Amino acid sequence: MTPEVDLGPVLPELLLVAVGIAGLLYEAFARRSDVRIHLTLALFAVAVAAVAAASLWGREGPAFVLGDTVAADRFSVLATAILLAAAFVGCLYYAAEAGRDPSLYRGEFFPLVLFATSGMVLIAAANDLILVFLALEILSLSLYVLTGITGRRQASEASLKYFLLGAFSSAFFLYGVAMAYGATASTKVTAIANALTGTGDELALALVAVAFLAIGFGFKVSAVPFHMWTPDVYQGAPTPVTAYMSAATKVAAFFALIRVFDVAFQPLWWDWTVLVVALAALSVVVGSVLAIAQSDVKRMLAFSSVAHAGFVLTGLTAADAAGIRSAMFYLVAYAIMTLGAFGVVMLVEAGREGRTTLRDFAGLGTRRPWLAALMTVFLLSLAGIPPTVGFIAKVTVFSAAIGAGHWPLALLGVLTSVVAAFFYLRVIVYMYMRQPEGDPVEATVPGAPLVTAGVLAALTLVLGVFPSLLAGILEEASILRW
Amino acid sequence: MPLDNVVFWVFAPISIASAVGMLVMRNAIHAALFLVVNLFCIAVMFLLLDASFLFAVQIVVYAGAIMVLFLFVIMLLGVDSGVSVRERLLGQRPLAIALAVAFIAELFVAVRAGIGFATHAPPGFEAVNQPGNTQALSEVLFREYFFPFEVTSVLLIVAAIAAMVLARRQAPAVTQAELEAHRAQVTDELEHAAAEPPA
Amino acid sequence: MVAAELVPQEAIGRASLLWLIPALPLLGAAIDLFVGRRLGRWAGWLATALVAASFLISIGVVTQLLDLPDEERLVVQHLFDWISVGDFRVGMDLRLDAVSATMILVVTGVGSLIHLYSIGYMRDDPRFGRYFAYLNLFVFFMLMLVLGANYLVLYLGWEGVGACSYLLIGFWFEEVANTEAAKKAFITTRIGDSLLLIGLATIVFKFGTLDYGEVFTGAPAVLTESAATVIALLLLAGAIGKSAQLPLHVWLPDAMAGPTPVSALIHAATMVTAGVYLVIRSVPIFELSPVALDVVAWVGILTVLFGGICALAQWDIKRVLAYSTISQLGFMFLAVGLGAYAPALFFLVAHAFYKALLFLGAGSVIHGMEGEQDLRRMGGLGRRMPWTAFTMGIGALALAGFPFLAGFFAKDIVLEIANTNERWGFYVFGSIGALLSALYVSRLWFLTFVGRPRSEAAEHAHESESLMVVPLAVLGVGAALGGVLSLGPHGWISRFVEPLVGLVPEGEEGIPGPAFLVIAVGITFAGLLVAWWVYASGRVDWHRLRERLEPLPRAALHGWYVDRAYDAVIVQPAKALAGITANVVDAKGIDGLVNAIGGGTRRLARSGRLLQTGFVRSYALVVFAGAVAVLLYVGSRL
Amino acid sequence: MSEHVLTVTVFLPLVGVAAILLGGRRLPDPAVRWIALAITLATFAVSLTILGDFDGADGGVQLVDHAVWSASAGLSYLVGVDGISLWLVLLTTFLFPISVLASWTIERDAHRYMAAMLALETAVLGSFLALDLLLFFVFFEAMLVPMYLLIGGWGGERRVYAAIKFFLFTMAGSAFLLVAAIVLYANAADRLGQGTFDLRALAAVADTLPVGTARVLFLAFFIAFAVKVPVFPLHTWLPDAHTEAPTAGSVILAALLLKVGTYGLIRFNLTLFPEPSRYFATFVSVLAVIGIVYGAVCALIQSDVKRLVAYSSVSHLGFVVLGIFAFTEQAVTGGVLQMVNHGLATGALFLLVGMVYERTHTRQLSEMGGLAGPMPWLLGAFLFAVFASAGLPGLNGFVGEFLVIAGTFAVDHVLGALSVIAVVLAAIYLLWSYQRIALGPVREDHRHLPDVTRREVVVLAPVLALLLVLGVYPSLITSDVDPSTERVIARVDPQGQTTDVGDVGVLEMVEAP
Amino acid sequence: MRTPIAYFVMLSGILFALGTVGVLTRRNALLIFMSIELQLNAVNLALVAFSRMHNQLTGQVLAFFSMVVAAAEVVVGLAIIVAIFRRRRTIDVDDARELRW
């Protein structure tokens, strides 16, 4: 029997990889690689992949393809869309940054981002734990390299730390895959679910599998206590990479986590929700509190991303469609605001010799009113203040959690967002209520990232006011078949 | 005592001992060699478990290629003397060992509950391995797991790019001292910053 | 014995102009406030004219009232609903009856005279217009107080006059002492007012209304004796504050810091009598509580004695009069407490005349002495200021109870009512009070007008302008002849008022009538003679005499140190308490807790960030520890 | 127009925000000011048409504007007005032009300042009009940001501390509100099959909750609003925020933002949770009375005049809360009236303090004195506002205060009587502070300070006039408020013994025995 | 085969734990990396054991993939370590702590 090969559902991944290889060849053989060509290629790849993904939305056909290793559902299409958007923004940012400071330029950035994105897209669609693992490795390895791509001192340190800890945690993840296999004789998500629904014979191994997988995912989404790498890596990596990484990794890992936990281990939800509650509680508290003490904005945003992981987990404590929807909405929101915030940080950094401390934001309100305004929107959204998308996102995850009876967790989340508001507000304080110091090298702000950030800010507000724009899509995407 | 039992009880201690050896060796080369021993023991275990193909791959790829690469890098960097083995982190070692013991204990509990220490492998694996481990394996690999197999190629490309990117030489930018000074200043400022209660 | 509440009549005919009586002074106040400076001297004339117009309208309205039969002498004019929430309604209603009629005549009558006097007195003041604005505003509020047909309109006027009193006492606000006095007056009376406010709340609770008509009609049925006592005492508290009775009298002597016409109008003739008015007004409630009436009487008599003794020791001419006012108001309270409402009202009217006269006279003296107020630096002014001396003499005699002057009748009736077997204590103390009145007022007159000038200023004093003297003369006539309104317990004013407030209670006579009269007159003459002997005969060195009596005179001079006691027992501890509350409890305690939460979080963050050591192996350890913890949880689920 | 009049009112200021922000630096500062003034005046004009369309006799919600916001999440855009919110809305639209005009002298970043003001107006109006719990919360939280920017950007020396404290304090309070709201939503989903935040539907849902749950939810709502009001002991953000905010900020903060708290207590706590409201009434009332006295006591010894007014707000708002939780028509209506009154009186005080500050550049009472000499009109107006604030009858502060006292006294004599202490204390701290500002000898360098300018007259006159008008004719407001409070009380206390203190029936009692 | 499967699984667990200890206690980046390799191998052992237990070859396929991953990781890892060494002249991970707090 020859398996039916339907490559349609993985067309976006294939396109990304293909163009990635093309870019690689260009980099290898061109005498002087040109950022514009790389950028064009990459954006083209993203655009084409997006079209391919869009066409999959209305796809009719079997739910699982390619030997049941890939799920062809709207859930993965949505993930693809978000991830492509993140890649798009990341490439734009990097191109602008490289245009400003040629010493930062590495042509391989673009193929790597495409490969990473293909891994992320795949991880969200993977219906087999081993494929999840492989995709995870693709994106991880790409990101390790991207983190250190400039070769600067801090970047290489970040890269080393990220790599060592990443490899360490993927060992746990792999162990989890092994345990799942041991428990159910399969690594197919759907098969595991079916196996676990039947009897409780090998429950112990399944639980261990859940634990190990939670560790692996926890690391990727930077949930406490597996978050330790996050601040160092976010701070050390070049800002465009941080922007891309913070948004895309989290989205990809969470989508995979949702599929694994809410489908494969759905029968064990009673057990894993407790774990998720604990991780969520720890993440929101530790992320929010530790961010207070940070003086570097990138580092602060890193801790905030830890807290946001906690909020997504809060939504996932509801092991039902509502929980999935809320988490997806939160991820969309988070991607928008974190991409925007890091974009602004990058633009500020450009005028401050690469520094990103709070002081470098002093007086931004008068120096660059638009930049400050954009940053304010993102910060308020991150803090969950209406009428931004961050607020609606928080409400939806808390609704899901409360609907599942986890109101103490919701309360904790809301209270810690007060703590979080403190450090977001502090940036605003610096921007609007402090005088700028020193004479900054006022680099001209490149247009593309500014426009991008502007669009993101507009999205932040529009989705904050009209969250229903996403409702239908999320409704469709939250249906996970098995 | 059946042969496989004997083999197990001979190689299992060796593998553990070699792993421990790797942990305690001062010299990186010695440690690497212990790891080779360990990998070999695991290969033997594969054989015990009727995975002859993996046994071969383990020895060729792991003990052979990968470890050689390791040794090559160790020698290339010539760094062995540069790294101290003194523990500078307070409580790191005891904590690591304690946690590892706890980890093993937990696993023990789980395995006992999940599999049980009296459960033997079911008979009839020969049937599965027809017409031979390698062929049977390739059946599964290329029928059921052909897509992941293709995906691994992407993984390897990424690895190649990584080597390409990281092998280049880089130029320094802002010095660390500058950044440190700047950060110290800001940190200091934050101590007396915004939300300080009124004097 | 209280008469039943009358049936209110509609305000028709002249009575329909009732609203104009308060409205005209209000108009004057508004005009003078906004354009007073541009009007110059006309501001004063305008104000005076408007109050005078009010007086004329009052006469017109009151005469109409008099034309009605006794049981119909109650006119209520509804202007608009002030408050209307649910079934609770308070109308902006004016009520003209015998009591308020008497009051508006006094207020507008005496008021217009004092306005006239002020034109001269305030001639050179840079804030001339504003002065008259305030004065007119005061008249407005005072009229609202007495005309109000419910307790809330009364309260409106009540607080309004307080505010005006504040403005006028502190009129010369550049002096800190004046502003202190103003503030003290307002706050001290507000203490009484707050209790009055509780009283009003209690009335609302019991009656669901504040309307006099409904309350008075319902009182016997609704109120038990204890409830009536509670309400009455709360109302009394307000009255005590406003009328400067013990123990809230402390503000009145200080209130003399204001311009003298203000003292005459507000702190002698009208505002301070509002307390008496309130009690008389609330007779149907007080009648239900003998206890409350006793308290009123006791407060009155104690204040009579206290004020009299203090007045005797003062050096400041206005402070003598202030303590005198306190004492005289005590007489009115005594009268009310004894159930003699109509006589109390008469006392009020008579007192308005002679005390206003005395104050205006004192103002004339001060004016003539270029601002000097110390009796020790006066003397012999009688020759230089004959009109003032003469008119003040009439006022003094009236106050002393000289036969057939207004004060004689007033005091006489009160003592006569006290002159029963059960109440002989009041009679005795009241008589002592009368003696004190005679003593201090004649002391004042002698020290001012008789003897040799005791200072440079006294030698060069001059008579005031006619604008100021005319009102003195008119008031002098009033003080002299006011008695005709109340010849004996059943005089004209009693007959007018009694349908409303009831008859004077009859008791068994203590000292027989003729003897009583002799004693009363004897007391007055004794007082006059003693004062003459000490201060005017030249045979006694009154300085030495005073020294020999120390420390009593000094204590009396300082009002028996009540102020200092209040300061030590209430004000300072309260300040300290406020300081502790604000600076310790609030700043350190509650806000300290808030800041501690914030600071604690920050400290936690500051130490927590140290976990992020930068050592990748530490990070790995944390990850591993997390893994073990997760497995531990899993183990617990097996 | 008229069916969407509320929506237009709420969002009209946002048009101004857009205009100012898009105009950016091309707009000169004066243009920005005039735009802001024009927009706020237009909003005021539009809001007056609400008054025209409003049926005062109907106590229910009127002029409802409804649109589905997010059907799946059960969110709706739902605004409506009743007697309670009507006058708060008008107060808002009335005070904003005045605040804009009072900010005419803002030089630095006028764009941002005015944009923040206008955004704030939308948020405040939205809070008063929203009938959807989540929509309310959106506006409630959205208020924080512009206010934060106003305090932090244009405030006094410790503005950053004050701004952050204000923000975090309120946000911490509203955290409970959000969770409680979502719990209600979840219960609605259980009981109605579809989650909703519609207040009208939620009331029915809340009635079916177990008593314990309802009480906990009540407390959660209460904490949120208690911070905003602020109820003792959650008040400590207020003195700092009031003191450091720029003049218009203080005005809006005191006059409007605090009212959102008391409004929320009526609209949400009482309406959603009748039984818990009764259960906690004594507790809340005791807190209110403590606040009344405590605020007044603290105000006594303040040396900073804005701080003093701030503490006086704690005291005055205590009256409002006390009234609300007395559940008598007079007390609740008096409470609502007092909200408007306090808004006007304290607003006036802050405006005046601001004007004095612009001249003397100090807020320390010890550095002023005798200012009534050089500036008779300004300080005259000040005294007027002081009297209004002290509850002098004839001015607006009195009627509300009296209704609250009388209405409370009828159900609880002790609390009603204790609250009166504040009447005395208010006189003390207000007059004492006035004395130290205006009276006594004037400092040499203050001798030639100018009196009110024409612009300041325009700012002050309407407010001061209203202080008088509402003191003499409060029915202007109470006639609209009363039917609505009657409904609220009927819901909270259907079998109440005393819900209308005017309903004693003295005359029947006279005839009966 | 007479040896119970659980023995193999436990052996894998012990080796995994030892690998972890190596990651936690060695300062040499290369040795840490080697410890991670040990962990991956331990997992492979478990996979193959389970494969035998289930009478399936899937587990062996998984182990095969895991080896590929390990190989790719080695390439990237060693490249990173070499790059670090070039910049800092040391591969003591404890020296790489500029990013902290």
Side-chain angles (χ1 to χ4, degrees), chain B residues 2 4-5 8 12 15-16 19-20 23 28 31-32 35 39 42 45-46 49-51 54 57 61 66 69-70 73-74 77 79 82-84 88 92-93 96-97 100 103-104 107-108 111 115-122 124-125 128 136-137 140-141 145 148 152 155-156 159 162-163 166 176, chain E residues 1-11 13-15 17-22 24-28 30-31 34 37-38 41 44-45 48-49 51-53 55-58 60-61 63-65 67-72 74-76 78-83 85-87 90-92 94 98:
Chain B
D4 59 76
N5 242 353
F8 180 84
S15 70
I16 292 171
V20 173
L23 296 187
L35 182 57
L39 294 180
I42 289 173
M45 294 295 163
F46 287 169
L49 291 163
D50 299 316
L54 287 181
V57 173
V61 175
I66 292 181
L69 195 55
F70 263 102
V73 171
I74 292 172
L77 302 185
V79 289
V83 183
S84 162
R88 59 189 284 197
Q92 180 87 357
R93 267 180 205 173
I97 291 165
F103 181 86
I104 293 166
L107 221 50
F108 178 82
V111 168
I115 312 172
F117 282 96
T119 315
H120 296 276
F125 200 67
V128 178
L137 204 59
V140 178
L141 185 59
Y145 285 97
T152 53
L155 193 62
L156 295 172
L166 294 170
Q176 184 55 29
Chain E
M1 199 189 72
R2 303 292 308 151
T3 316
I5 291 298
Y7 285 29
F8 291 96
V9 179
M10 274 321 295
L11 177 61
I14 290 165
L15 291 178
L18 287 172
T20 312
V21 172
L24 299 186
T25 55
R26 299 306 304 244
R27 292 173 59 176
N28 188 325
L30 278 168
L31 274 167
M34 277 155 57
E37 290 301 316
L38 177 58
N41 264 282
N44 283 353
L45 179 56
V48 176
S51 169
R52 181 71 187 77
M53 182 174 88
N55 260 356
Q56 270 186 348
L57 284 176
T58 313
Q60 296 190 13
V61 172
F64 174 74
F65 281 125
M67 285 180 186
V68 178
V69 167
V74 165
V75 173
V76 176
L78 290 179
I80 288 174
I81 290 170
V82 170
F85 179 75
R86 283 223 195 111
R87 185 160 274 287
T90 174
I91 51 168
D92 186 340
D94 285 6
E98 280 164 19

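Values in this document were obtained by computation on a predicted structure and should not be read as measured data. Letters A, B, ... are given to chains in the order of the sequence lines, protein chains preceding strands, and every chain is numbered from 1.
Proximity to chain B (any heavy atom under 4.5 Å) is shown, for E:I80, by both the backbone and the side chain. Looking at E:T20, neither its backbone nor its side chain comes within 4.5 Å of chain B, counting heavy atoms on both sides. For E:M34, the parts lying near chain B are the backbone and the side chain together; criterion is any non-hydrogen pair under 4.5 Å. Using a 4.5 Å cut-off between heavy atoms, B:F117 contacts chain E through both its backbone and its side chain. Heavy atoms of B:T119 lying under 4.5 Å from chain E belong exclusively to its backbone. When heavy atoms are compared at a cutoff of 4.5 Å, E:R27 approaches chain B by way of both its backbone and its side chain. For E:V9, the part lying under 4.5 angstrom from a heavy atom of chain B is the side chain only. If you measure heavy-atom distances from E:L18 to chain B, the contacts under 4.5 Å come from both the backbone and the side chain. The parts of E:I14 that come within reach of chain B are both its backbone and its side chain, each placing non-hydrogen atoms under 4.5 angstrom from that chain.
The distance from the CG atom of E:L15 to the CD1 atom of B:I104 is 9.0 Å, given to the nearest 0.5 Å. The CG atom of E:L45 lies 6.0 Å from the CZ atom of B:F46; values are rounded to the nearest 0.5 Å. Here CG of B:L77 is found 9.0 Å from CG of E:N28. Values are rounded to the nearest 0.5 Å. Atom CG of E:L30 is separated from atom CD1 of B:I74 by 5.5 Å, given to the nearest 0.5 angstrom. Of the inter-residue distances, the one linking E:M53 atom CE with B:I115 atom CD1 reads 5.0 Å to the nearest 0.5 angstrom.
Shown here are the ring-ring contact (aromatic ring centres under 6.0 Å, His included) partners of E:F65, two or more places apart in sequence or in another chain: there are none. The ring-ring contact (aromatic ring centres under 6.0 Å, His included) check on B:F8 picks up E:F8, with sequence neighbours excluded.
Contact of the E:N55 side chain with the B:P122 side chain is registered, since non-hydrogen atoms from C-beta on lie closer than 4.5 Å. Side-chain contact between E:N44 and B:I42: absent, with no pair of heavy atoms (C-beta onward) separated by less than 4.5 Å. Using a 4.5 Å heavy-atom threshold, the side chains of B:V61 and E:V68 count as separate.
Closest heavy-atom contact between B:L137 and E:Q60: CD1-CB, 3.5 Å. The nearest pair of heavy atoms linking E:T25 to B:A96 is CG2-CB, 4.0 Å. For B:F125 against E:S51, the heavy-atom pair with the smallest separation is CE1-O, 3.7 Å. Between B:A162 and E:A79, the shortest heavy-atom contact is O-CB, 4.3 Å. Taking every heavy atom of both residues into account, E:A71 and B:I66 meet most closely at CA-CD1, 4.0 Å. Taking each heavy atom of B:A100 and E:V21 in turn, the nearest pair found is CB-CG2, 3.3 Å.
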**Message:** For a side-chain contact (heavy atoms from CB on, under 4.5 Å) check, start with the C-alpha distance between E:F64 and B:V140, then their side-chain angles and the critical distance, and finish with the verdict.
**Reply:** CA-CA 12 Å; E:F64 174 74; B:V140 178; over 6 Å; no
**Request:** In sequence, state the C-alpha distance, the side-chain angles, and the governing distance for E:M67 and B:V57, and then conclude on side-chain contact (heavy atoms from CB on, under 4.5 Å).
**Result:** CA-CA 9 Å; E:M67 285 180 186; B:V57 173; 3.4 Å; yes
**Asked** For E:L24 and B:I97, what are the C-alpha separation, side-chain angles and deciding distance, and is it a side-chain contact (heavy atoms from CB on, under 4.5 Å)?
**Response** CA-CA 9 Å; E:L24 299 186; B:I97 291 165; over 6 Å; no
**Asked** Could you go step by step and tell me if B:M45 and E:V48 meet the side-chain contact (heavy atoms from CB on, under 4.5 Å) rule?
**Response** CA-CA 9 Å; B:M45 294 295 163; E:V48 176; over 6 Å; no
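The side-chain contact (heavy atoms from CB on, under 4.5 Å) with B:L35 is formed by just one residue from the set E:N41, E:L38, E:L31; it is E:L38.
Interface summary for chain E: among B:I16, B:T152, B:L107, the most heavy-atom pairs under 4.5 angstrom belong to B:I16.
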